[in-house]
Amino acid sequence: MQRIVILTGAGLSAESGLGTFRDKDGLWTKYDLEDVATPEGFARNPALVHEFYNARRANCLEAMPNPAHLALARLQHAWPDRVTLVTQNVDDLLERAGAASVIHMHGELTRALCGACAHRWAAPAVMAPKDPCPACAAPETRPDIVWFGEFPYHMARIDAALAQADLFVAIGTSGNVYPAAGFVQEASLAGARTLELNLEPSATASMFDAARFGPASKVVPDWVSEVLREGVP
Ligand code: APR
């Protein structure tokens with residue numbers, strides 16, 4: 001049975017209107033990631049960090065899944081126990097496209113986390129410093145997002161899937177941030193073939209067996225239709 005592990009990045013949601021990070025007008029050209037995507041930045045100025053994620057949560061609510069999200073959901077529905085969807089994205093567009101199981105290794109905008117008791121709950125549209133945790137009432141609530149310097153979620157599950165993959169596909173990611181950027185090598189070493197679907201070659205492009213370039217809303221549905229028609233190449 002051919003198993004596929006798919007890793008997605010901000011490029012998957014770019015055509016849904018959600019910003020990427022490192023493209024010319026990306027989020028990291030407007031904000032200093034030290035201020036809004038590190039535990040130190042949150043400790044220094046929680047109001048700024050909540051403002052940053054409140055704005056991204058509002059954008060996400062207004063955004064719609066694009067044909068690439070819909071195609072990946074279709075693939076996972078067609079082969080439910082063979083397709084592992086891992087995303088670095090914190091939006092819920094794959095779920096809203098109908099994907100049944102998405103592994104969010106960098107957390108989710110729709111979730112809140114208590115810094116005191118680690119309770120998680122559905123994030124309100126707007127979060128503010130000192131919001132009390134619904135479980136322990138501590139005023140330590142934060143977005144349930146994995147910041148730089150913190151450990152990504154679900155790594156054991158992701159490593160297990162990579163160890164058994166026949167095909168690893170990276171979609172819409174620049175290959176700049178580890179451990180996600182190292183998945184192609186991990187999959188290769190486990191014997192998987194590797195494919196990059198991106199707007200342009202990523203930083204890890206040379207590690208892939210094959211690549212197709214173009215906007216995700218075109219390249220991903222074409223690839224999914226081909227795989228469903230002809231099987232995993
Ligand atoms: N279709 C396909 N790919 C696209 C599109 C598109 N329409 N638009 C942009 N891309 C590609 C870019 O070429 C780039 O390779 O998406 C990638 C976006 O790269 P980044 O902005 O670096 O986003 P990502 O790789 O997801 O970042 C990884 O870094 O800041 C942290 O935690 C954050 O999860 C994020 C991680």
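Whatever order the structure lists ligands and atoms in, that order sets their numbers, starting from 1.
Atoms of ligand 1 found under 4.0 Å from any heavy atom of G9, numbered from 1 in the order shown, are 26 (O). Near D23, meaning under 4.0 Å from any of its heavy atoms, are these atoms of ligand 1: 9 (C), 12 (C). Listed by atom number, the atoms of ligand 1 under 4.0 Å from A216 heavy atoms are 1 (N), 2 (C), 6 (C). Every atom of ligand 1 with a heavy atom of E200 under 4.0 Å away is listed here by number and element: 13 (O). In the vicinity of G172, heavy-atom distances shorter than 4.0 Å reach the ligand 1 atoms 3 (N), 16 (O), 17 (C), 18 (C). Close contacts of ligand 1 with A14, meaning ligand atoms under 4.0 Å from a residue heavy atom, involve 8 (N).
With H69 contributing its side chain and A99 its backbone, the two residues share no donor-acceptor pair below 3.5 Å.
Here atom 8 (N) of ligand 1 lies nearest to L199 when heavy atoms of N66, T173, L199, L27 are compared. Taking each of P215, A203, G19, S174 in turn, the one with a heavy atom nearest to atom 20 (P) of ligand 1 proves to be S174.
Looking only at atom types and distance, the side chain of R56 has no donor-acceptor partner in the side chain of N59 under 3.5 Å away. Between the side chains of N66 and S16, a donor-acceptor pair is found at a separation under 3.5 Å. Side-chain contact of D144 with Y53: a donor-acceptor pair under 3.5 Å is absent, judged by distance alone. Under 3.5 Å, the side chains of T87 and T8 contain a donor-acceptor pair of N or O atoms.
Residue-level proximity to ligand 1 for E15 is carried by the side chain, the only part with a heavy atom below 4.0 angstrom. Only the side chain of V177 comes within 4.0 Å of ligand 1, judged by heavy-atom distances. Here Q88 has heavy atoms under 4.0 Å from ligand 1 in both its backbone and its side chain.
Proximity of G26 to ligand 1 is not established, as no heavy-atom distance is less than 4.0 Å.
At least one N or O atom of R22, backbone or side chain, sits closer than 3.5 Å to an N or O atom of ligand 1.
Taking a 6.0 Å sphere around CD of E226, one finds it holds more than 12 heavy atoms contributed by other residues, nucleotides or ligands.
Annotation: cation-pi pair R142/W147 present, NZ/CZ under 6.0 Å from the ring centroid and within 45° of its normal.
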